[in-house]
Amino acid sequence: MQDNDKTTTPEQPDTFEVVEAEHRTGARHKGVYLLPNLFTTGALFAGFYAIVAAMNGLFEHAAIGIIVAGILDGLDGGVARLTNTQSKFGAEYDSLSDCVAFGVAPGLVAYSWGLTELGKFGWMAAFIYVACAALRLARFNVQAESTDKRFFIGLPSPTGAGLVATLVWLGASRGMDGNEISWVVALVVAGAGLLMVSSVKYHSFKEFHIGRVPFKVLLGVIVAFAIVFLDPPLVLLTVAIVYVTAGLLMSLWRLRKGG
């Protein structure tokens, strides 16, 4: 005699999925995909580690933690698309993780490194960044389905975090006390925050897909990695500044052309 509580389901693709326990009625909750959410959890952990490291004066480690969070954040979406494991839960979890890793963590790291001696102006600059990062993420979630996928409206939060983190990393790696350039740090931190909620368009590069590429593209990637490892904080800070400046210049050009 067949057990009425046992149900059969068709075979599913080979993906990792965590499924909640069954109710007494036998109904099953929809699970969450493990693989992409592991990357999201890794990004959240890296952001939390950056905060703890900054509290202990390990500013290079803190900055690297934010950079690692950015790398993991870039991977979770790609993994979800490649394995066809996108979900609403994953999108919401990713947004909350981003708020910590690219909002709270960079603001606190920058404050601990170079804004403490500015008093109220210091924590105001850090708060502007954190608040703008949260607003940027909320706006992105609302506009995700209606905007041109080729562009971000406002500076992406990972890039804003990268700009702040690489500034701290470069200074700390040179043995510099951030309070010696506190006003520069405040300007960069508050400016990055305001750019995140601006209407400036930044290229998303989402039209480029991973697949078969010419040999010279692979060679270019290898050369790029080699250049980065020559002096990671300096090279990455330069890349972030170029990206931010390019978006501003393109927006000014569009305004002038439209006028």
Side-chain angles (χ1 to χ4, degrees), residues 63 66-67 69-71 73-74 77 95 98-99 101-103 105-107 109-111 114-115 118 121-122 124-171 178 181-209 217 220-221 223-224 227-228 231-259:
I66 295 171
I67 300 300
I71 295 171
D73 180 70
S95 183
D98 288 354
C99 193
F102 308 133
V109 170
Y111 177 79
L115 296 175
L118 289 181
F121 290 103
M124 282 176 61
F127 176 72
I128 287 172
Y129 176 88
V130 174
C132 288
L135 290 170
R136 168 72 175 82
L137 291 166
R139 186 178 68 178
F140 176 80
N141 290 341
V142 171
Q143 298 179 345
E145 300 299 327
S146 59
T147 56
D148 188 347
K149 301 298 183 184
R150 297 174 301 167
F151 298 97
F152 294 117
I153 306 300
L155 184 67
S157 57
T159 307
L163 178 64
V164 174
T166 50
L167 174 64
V168 174
W169 188 6
L170 180 64
I181 54 170
S182 55
W183 287 106
V184 175
V185 177
L187 180 63
V188 171
V189 170
L194 294 174
L195 281 174
M196 284 192 283
V197 295
S198 70
S199 58
V200 177
K201 287 187 176 181
Y202 287 92
H203 209 293
S204 68
F205 302 105
K206 287 187 177 180
E207 67 269 27
F208 298 103
H209 301 286
V217 174
V221 171
V223 172
I227 293 173
V228 168
D231 192 341
L234 179 60
V235 174
L236 293 176
L237 177 60
T238 302
V239 171
I241 291 173
V242 169
Y243 182 77
V244 170
T245 305
L248 288 170
L249 292 176
M250 287 300 295
S251 290
L252 290 173
W253 181 76
R254 291 190 190 99
L255 287 173
R256 186 173 180 179
K257 185 178 178 181

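Note that this is a predicted model, so its numbers are computed, not measured.
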Any idea which heavy atoms bring [X] and [Y] closest together, and the distance?
X: G122; Y: L118; result: N-CB, 3.5 Å
X: A165; Y: A63; result: O-CB, 3.2 Å
X: G103; Y: P106; result: O-CD, 3.5 Å

Can you measure from CD1 (I181) to CG (L167) and round to the nearest 0.5 angstrom?
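Rounded to the nearest 0.5 Å, the CD1-CG separation comes out at 5.5 Å.
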Atom CH2 in W253, atom CG in L248: separation rounded to 0.5 Å?
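So the gap between those two atoms works out to 15.5 Å.
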Only counting residues at least two apart or in another chain, list the ones meeting side-chain contact (heavy atoms from CB on, under 4.5 Å) with P233.
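By the side-chain contact (heavy atoms from CB on, under 4.5 Å) rule, P233 matches W169, L170, S173, R174, D231.
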Would you confirm whether R139, through its side chain, and M196, through its main-chain N or O, come within 3.5 Å as a donor-acceptor pair?
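It does hold such a pair.
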Is it true that a side-chain atom of Y111 and a backbone atom of F127 form a donor plus acceptor pair closer than 3.5 Å?
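Checking the backbone N and O of F127 against the side chain of Y111, no donor-acceptor pair under 3.5 Å is found.
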Worked verdict on V164 versus Y129 for side-chain contact (heavy atoms from CB on, under 4.5 Å):
CA-CA 10 Å; V164 174; Y129 176 88; 4.0 Å; yes
Check this for me: Y243, atom OH, are more than 12 non-hydrogen atoms of other residues, nucleotides or ligands nearer than 6.0 Å?
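Yes, enclosed.
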Between I241 and T166, is the side-chain contact (heavy atoms from CB on, under 4.5 Å) condition met? List the steps.
CA-CA 10 Å; I241 291 173; T166 50; over 6 Å; no
Determine, step by step, whether H203 and M250 satisfy the side-chain contact (heavy atoms from CB on, under 4.5 Å) criterion, reporting the C-alpha distance in whole Å, the side-chain angles of both residues, the deciding distance to 0.1 Å, and the verdict.
CA-CA 10 Å; H203 209 293; M250 287 300 295; over 6 Å; no
Looking only at the side chains, is there a donor atom on one of N141 and S95 sitting less than 3.5 Å from an acceptor on the other?
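On atom types as modelled, these side chains qualify, holding a pair under 3.5 Å.
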Please say which of V244, V200, L194 ends up in a side-chain contact (heavy atoms from CB on, under 4.5 Å) with L155.
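It is V244, the one option of V244, V200, L194 that forms the side-chain contact (heavy atoms from CB on, under 4.5 Å) with L155.
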Might you work through the side-chain contact (heavy atoms from CB on, under 4.5 Å) test for F102 and D73, ending with a clear yes or no?
CA-CA 10 Å; F102 308 133; D73 180 70; 3.7 Å; yes
For residues 185-192, run the donor-acceptor check on the side chains, cut-off 3.5 Å, and write out each pair with its distance to 0.1 Å, sequence neighbours left out.
none

